[in-house]
Amino acid sequence: MTDGEMRARYRRILRFAARYLVEAWWFELTLPRFGLARLSARNRTARLQRIARNFHGLAVELGGLMIKVGQYMSSRLDVLPPEITKELEGLQDEVPAVEFSAIRALASRELGVPLEVAFSSVDEVPLAAASLGQAHRARLSDADAAQSGLRDVVLKVQRPGIDQIVEVDLRALRKVAGWLSRVRLVSDRVDMFSLVEEFAVTSLEEIDYLQEAANSERFAAMFGDDGRVAVPEVVWERTTRRVLTLQDVTAIKISDTDGLRAAGIDPAVVAQEFAAVMFDQLFADGFFHADPHPGNVFITPIAVDERTETDAAARSWRFTFIDFGMMGEVPEGLRRGLRRLLIAAASRDGKGLVDGIRDVGVLLPNADTAELERAMTQLFARFGGMGFAELQEVDPREFRAFAIEFGDIVRSLPFQLPENFLLIIRAMSLTSGMSSTLDPKFNIWDAVEPYANRLIREESGNVVQAFAKEALSTLQVAARLPKRVDAFMVRVEDGRIAVQTPGLDRRVAALDRLGRRILSGVIFAALLISGAVLRPDDVVFGSVLMGVSALPLLHVLFGGILSGRR
């Protein structure tokens, strides 16, 4: 594209944004200020849907990063209303293929040799065309084939000029973020600059094919001893930042149920295995494929003579993942925050929930933590404490109501989900949708339960320690209470405190009894919870702790009655 075309693209994006920002300013800020809030709200849903549809058209026409923007916005349930995210859900890389002559020129320039020298043949009809690049089937030259041990490959080439297009699009997005940051209604709730930079990092990684190649090798090493998963080999000699050459691993698309059955593979088994593989990535390895849609996962049949010792005797197929441009990690900070959230949820601790959210990186600096504590505690109380079996019995309408309520609260409070967390949600959502397509009876809870149990076992020590710390603090206060009461009485008896209330002795005695019952209550809770947590691993010791907890419970329940009879 010429400089003039780039400037025109930049201005068009800004004009689109400016038009609808002015419209939003008029309907959402100006009209309510003059008492016309009802008029503003009357057609809000239709208005938002129209904006989303118009952006959909703009993105398809411009291509480049704008399609990625739409796909990205469709996942930002924490920032955007459902009227917009729903309209953008189906936005795909609806762009025409680049002329092969342009692809040939770019690839030859990148590889340093004519394409006809590097490859014995290249299919001019693209295997896939996307907004950032397109893929062609090819065959390596005899020399490269002998060196790599491969013959059939897939040649992935960036769209010509995509670097400049991404640069222009990001510059326009940063400009729009600056406009929005001047609107207090937005700036109090969303860090727009961070949001755009987060998107920029992800986008720049996607157009760096060296990064994608490194991701694929890391993923392959992670599953090196696992016969369930295969990854295409990288032909490094024919790979640069703009050109990626991979082993051609095309097989049965995971969503092709007819093809699976024809190969003697049960789609229901594939659904369960797919969920297990994805949860292993998320919960065990911490490095996961964040875009496991049907086009990126194949089911590859394994011939009997090709099976290795790591393959189960009955395994006749494996998953083959491709396209490692969008990968996610679960960093230590996120894991620490999730641990705190687990502990806080178990104790219904609103402040602990906020602390955990802060560790995850969700809370913005200007967050009203008091309001956030109340909101999160209220939402968690609805489903917290339910087992997986109980959750399966909940009316789906209640889940929908919860999701709507939660979305409204999230958008009204000043926080946003970090990119890593969004990628986790995206991966789990695609996993659930794919598995349900393969097997209509698939239940995500059945797949999650083993991993949830493992997490609880691994975190049990941390939960006990956290509870013990809180219990110790309360115990110290409760233990000091009788001594403080005694000291107070001594001061009264010595005349150092003038007592003008005749019933003070009775009140002090009641306070003393209350303190001792509080102490018993804390001991009871500590013994009961510790026993419940330890019981799955040590039945005897856990049961003993739970049984002994009955003694302080009796004092809590009847201590006041017995003392009152004295």
Side-chain angles (χ1 to χ4, degrees), residues 97-108 110-130 132-159 209-210 212-221 223-224 227-256 259-260 262-263 265 289 291-308 311 316-325:
V98 177
E99 289 289 337
F100 184 71
S101 59
I103 292 294
R104 177 192 289 112
L106 189 151
S108 298
E110 280 291 307
L111 296 175
V113 296
L115 201 61
E116 294 76 12
V117 174
F119 301 91
S120 61
S121 66
V122 179
D123 188 350
E124 296 188 7
V125 178
L127 180 65
L132 302 182
Q134 65 188 48
H136 294 258
R137 281 199 172 95
R139 291 174 65 84
L140 290 175
S141 65
D142 292 340
D144 286 344
Q147 182 175 355
S148 66
L150 302 174
R151 174 64 75 176
D152 295 324
V153 295
V154 170
L155 177 65
K156 187 174 178 180
V157 183
Q158 282 186 7
R159 296 180 75 92
Y209 288 165
L210 290 175
E212 180 176 342
N215 287 341
S216 71
E217 292 207 333
R218 178 180 173 184
F219 192 84
F223 284 99
R228 298 175 300 170
V229 175
V231 177
E233 293 184 32
V234 178
V235 183
W236 285 102
E237 295 78 11
R238 297 303 179 205
T239 294
T240 70
R241 197 177 74 83
R242 294 182 177 86
V243 174
L244 176 61
T245 304
L246 299 166
Q247 175 187 11
D248 188 352
V249 292
T250 306
I252 305 171
K253 187 179 290 189
I254 188 173
S255 58
D256 183 3
L260 291 174
I265 301 171
H289 198 300
D291 196 23
H293 65 72
N296 286 340
V297 185
F298 295 114
I299 302 299
T300 305
I302 307 173
V304 175
D305 58 348
E306 294 178 351
R307 299 182 191 179
T308 65
D311 293 324
S316 60
W317 54 271
R318 63 167 61 102
F319 296 101
T320 301
F321 285 81
I322 63 171
D323 195 348
F324 299 92

### Non-neighbouring partners of Thr239 that pass side chain to side chain donor-acceptor pair (under 3.5 Å), sequence neighbours left out
none
### Task
Identify, with sequence neighbours excluded, every residue that meets side chain to side chain donor-acceptor pair (under 3.5 Å) alongside Ser255.
none
### Message
Holding to salt bridge (Lys or Arg N to Asp or Glu O under 4.0 Å), I want the full list of residues that pass it with Asp248, two or more places apart in sequence or in another chain.
### Response
Arg137
### Flag side-chain contact, heavy atom, 4.5 Å: Val235 against Val153
yes
### Residue pairs, two or more places apart or on separate chains, that pass salt bridge (charged side-chain N to carboxylate O under 4.0 Å, His left out) and touch residues 118-129
Arg104-Glu124
### Query
Any side-chain heavy atom of Phe119 sitting closer than 4.5 Å to one from Leu111?
yes
### Task
Report yes or no: does Arg241 contribute a side-chain atom to a donor-acceptor pair with the main-chain N or O of Leu210 at less than 3.5 Å?
no
### Task
Identify, with sequence neighbours excluded, every residue that meets side chain to side chain contact (heavy atoms under 4.5 Å, CB included) alongside Glu233.
Leu150, Gln247
### Message
Can you pull out every ring-ring contact (aromatic ring centres under 6.0 Å, His included) where at least one residue sits in residues 232-254? Sequence neighbours excluded, please.
### Response
none
### Query
For the side chain of Arg242 and the backbone of Arg159, is there at least one donor-acceptor N/O pair under 3.5 Å apart?
no
### Task
With the side chain counted from C-beta on, respond yes when His136 and Phe100 share a heavy-atom pair under 4.5 Å apart, and no when they do not.
yes
### Task
Enter the distance from Tyr209:OH to Leu244:CG here, rounded to the nearest 0.5 Å.
7.5 Å
#### Entry: Nearest-0.5 Å distance that lies between atom OG1 in Thr300 and atom CD1 in Ile252
8.0 Å
### Side chain to side chain, Ile254 and Phe319, heavy atoms closer than 4.5 Å
yes
#### Entry: Partners meeting side chain to side chain contact (heavy atoms under 4.5 Å, CB included) with Ala97 (sequence neighbours left out)
Pro126, Ala129, Gln134
### Message
With a 4.5 Å cut-off on side-chain heavy atoms, are Leu155 and Leu115 touching?
### Response
yes
### Task
Mind telling me whether Phe223 and Phe219 have parallel, tilted or perpendicular rings, with 30° and 60° as the class edges?
tilted
### Task
Specify the closest pair of heavy atoms between Ala107 and Val157, including all atoms of both residues, with the distance to one decimal.
CB-CG2, 4.3 Å
### Task
Quick one: pull up CD in Glu217 and CZ in Phe324 and give me the separation to the nearest 0.5 Å.
10.5 Å
### Query
With sequence neighbours left out, what residues match Asp152 under side chain to side chain donor-acceptor pair (under 3.5 Å)?
Arg139
### Message
Working note: Thr320 + Val231, criterion side-chain contact (heavy atoms from CB on, under 4.5 Å); need CA distance, chi angles, decisive distance, verdict.
### Response
CA-CA 6 Å; Thr320 301; Val231 177; over 6 Å; no
#### Entry: Residue list, salt bridge (Lys or Arg N to Asp or Glu O under 4.0 Å) with Arg238, at least two apart or on another chain
Asp144
### Task
For the residue pair Thr245 and Val234, establish whether any side-chain heavy-atom pair is separated by less than 4.5 Å.
no
### Query
side-chain hydrogen bond (donor to acceptor under 3.5 Å, both in side chains) between Ser120 and Ser141: does it pass, once the steps are laid out?
CA-CA 5 Å; Ser120 61; Ser141 65; over 6 Å; no
### Task
Kindly indicate whether the side chain of Ile322, heavy atoms from C-beta on, has any atom under 4.5 Å from the side chain of Val249.
yes
### Task
Just jot down the side chain to side chain donor-acceptor pair (under 3.5 Å) partners of Ser108, sequence neighbours excluded, or say none.
none
### Message
Could you work out, with side chain to side chain contact (heavy atoms under 4.5 Å, CB included) as the rule, every residue matching Pro114, not counting sequence neighbours?
### Response
Glu116, Val117
### Query
Donor-acceptor pair, His289 side chain versus Asp323 backbone, under 3.5 Å?
yes
#### Entry: Student check: side-chain heavy atoms of Ile302 and Ser316 closer than 4.5 Å
no
### Query
Among all residues two or more places apart in sequence or in another chain, which pass the side chain to side chain contact (heavy atoms under 4.5 Å, CB included) test with Ala102?
Val98, Pro160
### Query
Got a second to check how far Ser101's OG is from Leu106's CG, nearest 0.5 Å?
11.5 Å
